[in-house]
Amino acid sequence: MSKTKKGLFEGVVSFNKQIGERFYRLGLRFKGEAGKAFAGLVPGQFAEFDISTAGLPACGEIPDDLRDSARRELLLRRPFSFCNVEIDGDEVEVEILYCVVGAGTIRMTTLAAGDIISVVGPLGNGFSVPESKSTALLVVGGMGAPPILHLAKVLKEKHPEIETVGFVGAKSAVDFPLEEIQGQSKDALKSMSDFELNGVTWQVASDEGDIGHKGFVTEKLEEWLGSCDAQKDTIIIYSCGPAGMLRNTAAIAERHGVDCQVSMEQMMACGIGLCQSCAIECKGDGGTEYKLCCKDGPVFDSRDVVFKV
Amino acid sequence: MSDAVDISVEFAGLKLANPVFTVSGTCGYGDELSDFMDVGSLGGFVTKSITAEPRKGNATPRIVETDAGMLNAIGLANIGLEKFIEEKIGVLEKLKTSVFVNVAGQAIEEYVQVTEKLASEKAISGIELNISCPNVKKGGISFGTDPALILEITSAVKKACGNKVLMVKLTPTVTDISVTARAAVEGGADALSLVNTFTAMSIDIETGKAVLANKTGGLSGPAIKPIAVYLVNKVYNEVAKDAGIPILGMGGIRTASDAIEFMIAGASAVGVGTANFIEPGCAVKIIEGIKGYCRRKGTGKVSDLVGTLG
């Protein structure tokens with residue numbers, strides 16, 4: 001999967017759809033140079049969105065817990081990875097999933113089709129698919145879903161020879177940023193142990209047990225690996241989610257001798273290596289060193305990362 | 001009204017194509033912004049801080065957004081002098097702009113050592129002295145808040161920097177910035193850059209802890225601009241004007257209008273910092289905007305704006 005040149009581009013909002021209490025899907029269309037740049041987007045790459053020009057929703061529509069933070073004057077862009085890329089002639093439509101958590105994302109809810117937003121991207125290094133692999137295990141925790149959903153689709157399209165198995169977990173049913181789950185009744189959720197999306201069967205786990213396996217998604221991963229007869233060097237794990245989940249996933253990968261790529265997250269300002277804020281502690285010569293999530297990542301080999309306990 | 005506008009400026013003996021710099025810690029070591037702009041079109045470029053030895057930098061979180069601003073505590077993460085000379089000088093040589101290297105350290109000897117090495121590099125026009133660092137030998141007091149230390153460090157580095165321009169970057173976290181500015185000028189500074197970030201803090205009220213791992217950080221961005229404009233004007237009036245020392249003014253500049261405010265306040269050149277994070281390449285727009293302003297106002301030479309506050 002090759003990278004394309006990054007730049008500062010304008011995209012046109014094609015849709016902004018609420019899919020859960022706090023979850024939205026936002027589509028952006030790019031033309032010309034921007035289209036060329038984003039047509040080459042590798043799953044796991046990201047972009048920095050300037051949403052400072054978006055307005056706040058009407059007062060009554062701001063959730064109580066965001067009333068204070070919503071009033072803040074935004075300065076920085078917000079980084080997002082992508083859950084889908086569709087190429088349509090010389091136009092490209094990309095899609096992100098977002099969760100309303102603060103001053104930036106509450107403004108994003110007011111974006112409407114036709115609005116123009118400034119985007120810096122595509123940025124960073126995405127997931128890579130080594131030649132020797134015949135099985136890909138996709139491990140998602142909550143808002144870690146977007147780049148892994150994109151990867152699932154690309155694996156199906158470009159690497160049909162690879163068997164792909166998905167695992168997705170969150171705290172409870174309402175915390176999955178997926179329409180396939182958000183649209184279901186409580187009873188349907190209770191009996192749901194897996195579902196199909198992007199050509200992959202996803203096993204479900206939730207901390208509260210109101211959907212799928214009650215427990216961590218990594219328990220399902222370990223169970224699968226434990227009962228698998230395949231050569232371990234033909235398997236690769238791809239994961240994105242909360243830090244604790246990534247740490248567990250990396251530990252499981254190490255125990256089973258399986259390669260694992262993790263998409264990391266860190267507070268960042270620029271996304272292009274200027275501000276040096278998004279440091280990720282990695283193993284280095286005789287100690288540890290900081291690498292930059294934006295430039296050296298966000299996807300790392302899990303063996304390189306020093307996970308905090 | 002003539003359309004011809006001269007936006008070149010003279011800055012401490014350097015002839016700059018225009019007054020716009022990108023400033024330390026916001027534009028990398030050289031060509032990091034080249035996907036977004038022609039770095040050579042800048043009036044000047046200041047590298048991120050270089051110390052004698054490589055520095056890993058602080059733990060994370062290293063930044064947090066605040067109202068119209070941000071705090072950073074990167075901890076001078078840098079590749080160190082040796083690697084900088086090995087890997088970056090070649091890049092800087094190709095930049096068709098005046099390059100300043102921001103030099104930081106924990107002791108005067110370290111500043112002198114780094115400056116001596118850089119003084120022989122043709123690619124470099126000047127040294128920017130980052131004195132907002134703790135002096136490890138004197139119990140961690142910041143060099144930049146003690147006029148006697150500023151005088152001492154500036155004179156020591158001046159002797160080491162050969163024919164390079166010595167620019168001292170002033171911290172605004174002092175009672176009277178004119179006192180520290182005067183100390184730098186007495187120590188032999190050829191130029192002053194101001195302001196560095198304001199020491200500040202942001203607290204997570206859910207955890208009751210500081211957001212930054214370092215607890216404190218430097219506030220930058222539009223939030224500090226009016227204070228920075230005031231401080232530039234103060235240093236211009238009380239120190240720089242009479243001493244004939246140019247000021248590189250900075251603090252929250254993201255548009256040509258912001259830049260022009262600083263020039264009217266007394267800055268001979270202006271620095272774009274945090275705005276590079278949000279709109280990489282905005283410096284080019286600022287250069288164009290300054291040109292447009294001069295044309296509209298009938299200002300033949302951009303340097304005629306400097307210190308014209310009515």
Side-chain angles (χ1 to χ4, degrees), chain A residues 3-10 33 37 48-53 65 68-69 71-79 102-104 118-123 243 264-282 284-285 287-295 306 308, chain B residues 22-29 31-37 48-49 54-79 202 205-206 211-213 217 219-224 252 254 273-282 284-285:
Chain A
K3 279 208 300 181
T4 46
K5 203 171 175 244
K6 60 181 176 279
L8 194 159
F9 302 115
E10 285 184 345
E33 285 302 308
E48 287 267 19
F49 288 53
D50 179 6
I51 38 186
S52 63
T53 54
D65 62 316
D68 291 353
S69 61
R71 301 187 73 93
R72 270 204 307 108
E73 286 294 322
L74 296 191
L75 176 68
L76 302 173
R77 288 171 181 267
R78 299 293 191 264
S118 159
V119 175
V120 172
L123 303 174
M264 304 293 290
E265 191 173 41
Q266 188 58 270
M267 287 288 287
M268 62 176 69
C270 68
I272 52 177
L274 301 175
C275 72
Q276 307 273 316
S277 57
C278 57
I280 300 283
E281 195 170 13
C282 288
D285 295 337
T288 66
E289 60 179 355
Y290 284 120
K291 290 194 171 170
L292 295 182
C293 192
C294 70
K295 215 172 147 183
V306 178
K308 290 187 186 106
Chain B
T22 53
V23 303
S24 186
T26 67
C27 50
Y29 294 111
D31 58 354
E32 285 89 337
L33 271 168
S34 57
D35 281 326
F36 301 93
M37 64 181 284
K48 81 179 267 74
S49 295
R55 287 183 57 151
K56 252 176 90 170
N58 291 333
T60 55
R62 290 177 170 184
I63 59 154
V64 57
E65 186 183 61
T66 55
D67 263 292
M70 62 176 274
L71 305 187
N72 87 80
I74 306 301
L76 296 178
N78 80 95
I79 57 176
S202 179
I205 61 166
E206 297 308 316
V211 178
L212 297 178
L219 177 63
S220 66
I224 70 168
R254 58 176 172 179
T274 300
N276 294 316
F277 300 156
I278 300 135
E279 199 186 339
C282 67
V284 174
K285 283 190 192 164

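Every chain is numbered from 1, with letters handed out A, B, ... down the list of sequences.
- Panel note: side chain A:Lys5, backbone A:Pro122; no donor-acceptor pair is recorded below 3.5 Å.
- Residue B:Asn72: no heavy atom, backbone or side chain, is found under 4.5 Å from chain A.
- Here B:Met70 is the residue among B:Glu279, B:Met70, B:Glu32 with the most heavy-atom pairs under 4.5 Å with chain A.
- Using a 4.0 Å cut-off between charged nitrogen and carboxylate oxygen, A:Arg72 and B:Glu65 count as a salt-bridge pair.
- Every residue two or more places apart in sequence or in another chain that forms a side chain to side chain contact (heavy atoms under 4.5 Å, CB included) with B:Ala223 is listed here: B:Ala68.
- Interface summary for chain A: among B:Gly69, B:Ala77, B:Ala275, the most heavy-atom pairs under 4.5 angstrom belong to B:Gly69.
- Using a 4.5 Å cut-off between heavy atoms, B:Ala73 makes no contact with chain A at all.
- There is no contact between A:Ser52 and chain B, counting heavy-atom distances below 4.5 Å.
- Looking at B:Ile74, the atoms closer than 4.5 Å to chain A (heavy atoms on both sides) all sit in the side chain, from C-beta outward.
- A:Tyr290 places no side-chain N or O within donor-acceptor distance of the main-chain N or O of B:Thr60, the cut-off being under 3.5 Å.
- In terms of heavy-atom pairs under 4.5 Å with chain B, the best-connected choice from A:Met268, A:Glu289, A:Arg77 is A:Arg77.
- For the set B:Gly221, B:Ala59, B:Gly28, the entry with the most heavy-atom pairs within less than 4.5 Å of chain A is B:Ala59.
- At distances below 3.5 Å, not a single donor-acceptor pair connects side-chain atoms of B:Arg254 with backbone N or O atoms of B:Gly252.
- For the set A:Leu74, A:Val120, A:Leu274, the count of heavy-atom pairs under 4.5 angstrom toward chain B peaks at A:Leu274.
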(request) Check the pair A:Glu48 / A:Cys270 against side chain to side chain contact (heavy atoms under 4.5 Å, CB included), numbers first and verdict last. (result) CA-CA 8 Å; A:Glu48 287 267 19; A:Cys270 68; 5.6 Å; no
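- Under the ring pair (Phe, Tyr, Trp, His ring centres under 6.0 Å) criterion, A:Phe49 pairs with A:Phe80, not counting sequence neighbours.
- Of the atoms belonging to B:Thr274, it is side-chain heavy atoms, and not backbone ones, that fall under 4.5 Å from chain A.
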